[in-house]
Amino acid sequence: MPKPQTGRRLSDIPAATMAAAAAEVAAAGGGGEMVVVRLPPLSEDDPLFQDKKRILDSRNLSCLFQVPNSCSAADAFKVLDRMIKAARIAHMDELELYFNGDDDFGPLSTRNELESLNLLLKILNTLLLTANVGAMGVFQVLRDEILIRLRSLELEDNGQMVVQIQNQNVEDSLLKWGEQHGVKTKLQIAFFEGAGRGMVASENIDVGDIALEIPESSIISEELLCQSDMFLALKDLDSITTETMLLLWSIRERYNPSSKFKIYFEALPANFNTGLSFGIDALAALEGTLLFDELMQARQHLRQQYDELFPMLCINFPDIFKQDVGKLTTCLIPIAGLLNHSVSPHIINYGRVDKATKSLKFPLSRPCKAGAQCFLSYGKHPGSHLITFYGFLPRDNPYDVIPLDLDTSVDEEDSSSPSVTTSQTSHMVRGTWLSRLRGPPTYGLPHRLVSHLHAILGCNQNESAPEADNKENDRMVLETLLSIFTPMLEGLDEPDDFDRENACWDVNLALDYKDLQRRIVLSIVTSCTSGLAMLDS
């Protein structure tokens with residue numbers, strides 16, 4: 001289970017913003033002509049504020065939309081499409097800005113689409129509470145259309161087959177423990193072929209329904225830590241964080257026979273198979289990859305933390321810290337930690353305790369049918385991070401990128417292409433199968449990367465230049481990329497005689513990651529080769 005997410009969520013939208021929008025609707029609707037829908041304004045604290053504002057302005061979009069009271073459904077949907085485009089831009093992250101370009105109107109990614117549609121749904125639900133009769137009809141039409149779009153997101157969540165739901169003594173005990181402590185759930189624990197445990201819907205769960213609700217008293221939190229004797233022992237240490245204290249508390253509490261969380265700890269696996277426990281053979285297979293570097297840094301950080309605390313804590317507080325204290329692990333929220341991650345999650349908005357109910361709620365952002373696996377988002381992470389800390393590698397993850405070390409001394413704002421004017425200075429690639437544009441002028445490659453290479457190679461595109469000159473400029477860019485990625489592809493080859501079937505889990509996971517890197521690099525080489533063929537034809 002990841003830490004509660006940071007950043008803007010639906011629950012972060014101030015009530016005053018919703019109330020102001022409702023007041024505008026009442027005022028506008030009173031005349032019987034227009035109703036108003038206002039999206040939360042872009043935050044100037046957002047590091048991507050200038051980029052998002054520029055794209056909104058270039059598309060003549062704002063956060064304020066007017067809909068005629070008496071318009072047809074078709075006209076209302078046209079306004080809704082503009083609202084969705086604005087919401088997509090507001091929810092863009094750094095990678096979506098980089099890879100989708102200024103001319104891509106979306107959908108940009110599954111997560112972005114879910115965030116955008118759920119934002120509009122929450123706004124309309126709020127406006128419907130105070131709208132007059134004329135405005136209510138329009139808002140209901142817009143709300144119903146958003147729900148249709150969310151329910152139409154029939155995604156291939158996972159090919160994993162449920163192999164067992166019944167007769168799971170440990171898991172059944174955990175759910176019973178949760179029920180006794182106030183946990184409410186519409187999910188069941190299940191085992192999935194090749195993936196271990198997860199959670200499936202025990203009934204059809206719709207958008208906005210709460211799939212899981214956990215009382216604050218059943219969450220391992222900072223408040224719980226502050227009530228323990230461990231906090232008194234650790235609070236004056238300058239070098240220790242609250243997160244580390246929670247980890248240490250969990251390590252000790254797991255072996256406390258009278259712990260309130262005894263059933264929960266007994267349901268945890270004996271071993272956590274993550275990248276941090278990779279053996280020598282798996283690390284050798286990864287040498288030269290991004291994951292190898294990330295694992296080495298994470299291991300060094302954990303070892304440094306451990307050496308700073310032990311044996312000092314065992315000596316100073318022998319009653320609290322025994323000599324056989326285990327290695328640092330991660331904290332999990334009971335039951336919720338069994339939800340698996342997906343790049344197309346059902347649950348994206350969570351992490352804040354509801355002040356009214358004093359519970360942590362997990363509402364659905366898209367429907368989940370009875371018997372289907374229900375997925376949570378662990379965050380916007382590349383595969384290297386998910387392997388390191390969680391021990392799995394998702395397919396077609398839009399955050400799997402390869403950064404490029406290119407000369408960034410060129411002032412790209414002087415480039416002839418306005419789309420390269422951005423706060424971003426780093427460049428990267430990802431699998432070109434994620435690109436919707438395969439032909440010129442980008443050939444499936446990131447627009448900003450192509451524009452940057454045109455600039456540093458001194459071959460900027462010019463609409464008034466002869467076609468042959470522009471083709472030659474494209475050729476220079478594609479050949480430059482081939483010179484970078486062809487040697488990289490050759491270095492990722494796997495020995496033909498390697499026996500994967502009899503390899504250990506960590507070696508296979510390491511090779512899966514290497515396969516992903518190879519697939520990304522091969523897609524770049526293929527796109528460049530195809531682009532050169534287009535230029536020759």
Side-chain angles (χ1 to χ4, degrees), residues 1-13 42-43 45-49 51-52 55 87-101 104 106-119 153 155 157-158 243 274-275 290-291 293-295 297-298 330 333 336-337 339-352 362-366 374-404 422-431 433-435 446 448 513 516-517 520:
M1 178 75 182
K3 294 183 294 184
Q5 301 175 50
T6 58
R8 192 177 187 87
R9 289 183 291 271
L10 298 187
S11 57
D12 294 332
I13 300 172
L42 295 176
S43 170
D45 295 332
D46 183 348
L48 303 176
F49 171 79
D51 295 313
K52 293 178 180 180
I55 297 175
R88 287 170 180 162
I89 295 168
H91 284 100
M92 274 180 137
D93 58 33
E94 184 177 1
L95 264 65
E96 287 164 346
L97 276 167
Y98 184 84
F99 285 103
N100 290 287
D104 193 336
L108 305 176
S109 69
T110 301
R111 183 188 177 104
N112 180 282
E113 195 72 358
L114 289 171
E115 289 176 330
S116 302
L117 291 175
N118 276 276
L119 168 66
L153 288 175
L155 303 166
D157 295 321
N158 205 309
E243 183 181 34
T274 71
L290 296 171
L291 177 54
D293 295 337
E294 186 165 334
L295 286 175
Q297 292 172 9
T330 186
I333 297 176
L339 286 161
N340 288 324
H341 169 83
S342 172
V343 296
S344 305
H346 297 90
I347 301 170
I348 56 177
N349 296 301
Y350 64 94
R352 297 279 179 89
F362 295 80
L364 259 61
S365 294
R366 66 181 181 93
C374 185
F375 289 99
L376 180 80
S377 170
Y378 289 8
K380 302 175 180 181
H381 298 303
S384 58
H385 178 94
L386 295 170
I387 288 177
T388 299
F389 298 104
Y390 301 104
F392 68 90
L393 180 66
R395 286 185 59 83
D396 295 332
N397 181 359
Y399 296 97
D400 280 325
V401 303
I402 297 177
L404 298 178
T422 172
S423 62
Q424 298 170 320
T425 57
S426 57
H427 291 279
M428 66 198 89
V429 295
R430 67 181 180 186
W433 62 84
L434 294 169
S435 173
R448 290 178 178 176
Y513 178 80
L516 171 63
Q517 296 292 287
I520 294 174

Where do [X] and [Y] come nearest, in terms of heavy atoms and distance?
X: I520; Y: G431; value: CG2-N, 3.8 Å
X: G383; Y: N397; value: N-ND2, 3.7 Å
X: P403; Y: L290; value: CD-CD1, 3.7 Å
X: L108; Y: R88; value: CD1-O, 4.1 Å
X: P398; Y: L95; value: O-CD2, 3.7 Å
X: F362; Y: L376; value: CD2-CD1, 4.0 Å

Quiz prompt | Polar side-chain atom of Y390 near backbone of N340 as donor-acceptor pair, under 3.5 Å | solution = no
Exercise. Examine distances only and state if a side-chain atom of K380 and a backbone atom of Y399 form a donor-acceptor pair shorter than 3.5 Å.
Key: no
Practice problem: Sequence neighbours left out, what pairs pass salt bridge (Lys or Arg N to Asp or Glu O under 4.0 Å) with at least one residue falling in residues 388-404? | Solution: D396-R519
[X] side, atom [atom1]; [Y] side, atom [atom2] - distance, nearest 0.5 Å:
X: L386; Y: F392; atom1: CG; atom2: CZ; result: 4.5 Å
X: R111; Y: E115; atom1: CZ; atom2: CD; result: 4.5 Å
X: F375; Y: S344; atom1: CZ; atom2: OG; result: 9.0 Å
X: H381; Y: I387; atom1: NE2; atom2: CD1; result: 13.5 Å
X: H346; Y: L153; atom1: NE2; atom2: CG; result: 10.0 Å
X: S116; Y: M92; atom1: OG; atom2: CE; result: 9.5 Å

Quiz item: Looking at H427 versus Y98, is the centre-to-centre ring distance below 6.0 Å?
Solution: yes
Exercise. With sequence neighbours excluded, tell me which residues meet side chain to side chain contact (heavy atoms under 4.5 Å, CB included) with T388.
Key: L276, L291, E294, L295, A298
Practice problem: For residues I347 and L364, determine if any side-chain heavy atom of one lies less than 4.5 Å from a side-chain heavy atom of the other. | Solution: yes
Quiz prompt | Contacts of type salt bridge (Lys or Arg N to Asp or Glu O under 4.0 Å), residue D293, not counting sequence neighbours | solution = none
Practice problem: Go through the steps for L97 and R448 under the test side chain to side chain contact (heavy atoms under 4.5 Å, CB included), then give the verdict. | Solution: CA-CA 10 Å; L97 276 167; R448 290 178 178 176; 4.0 Å; yes
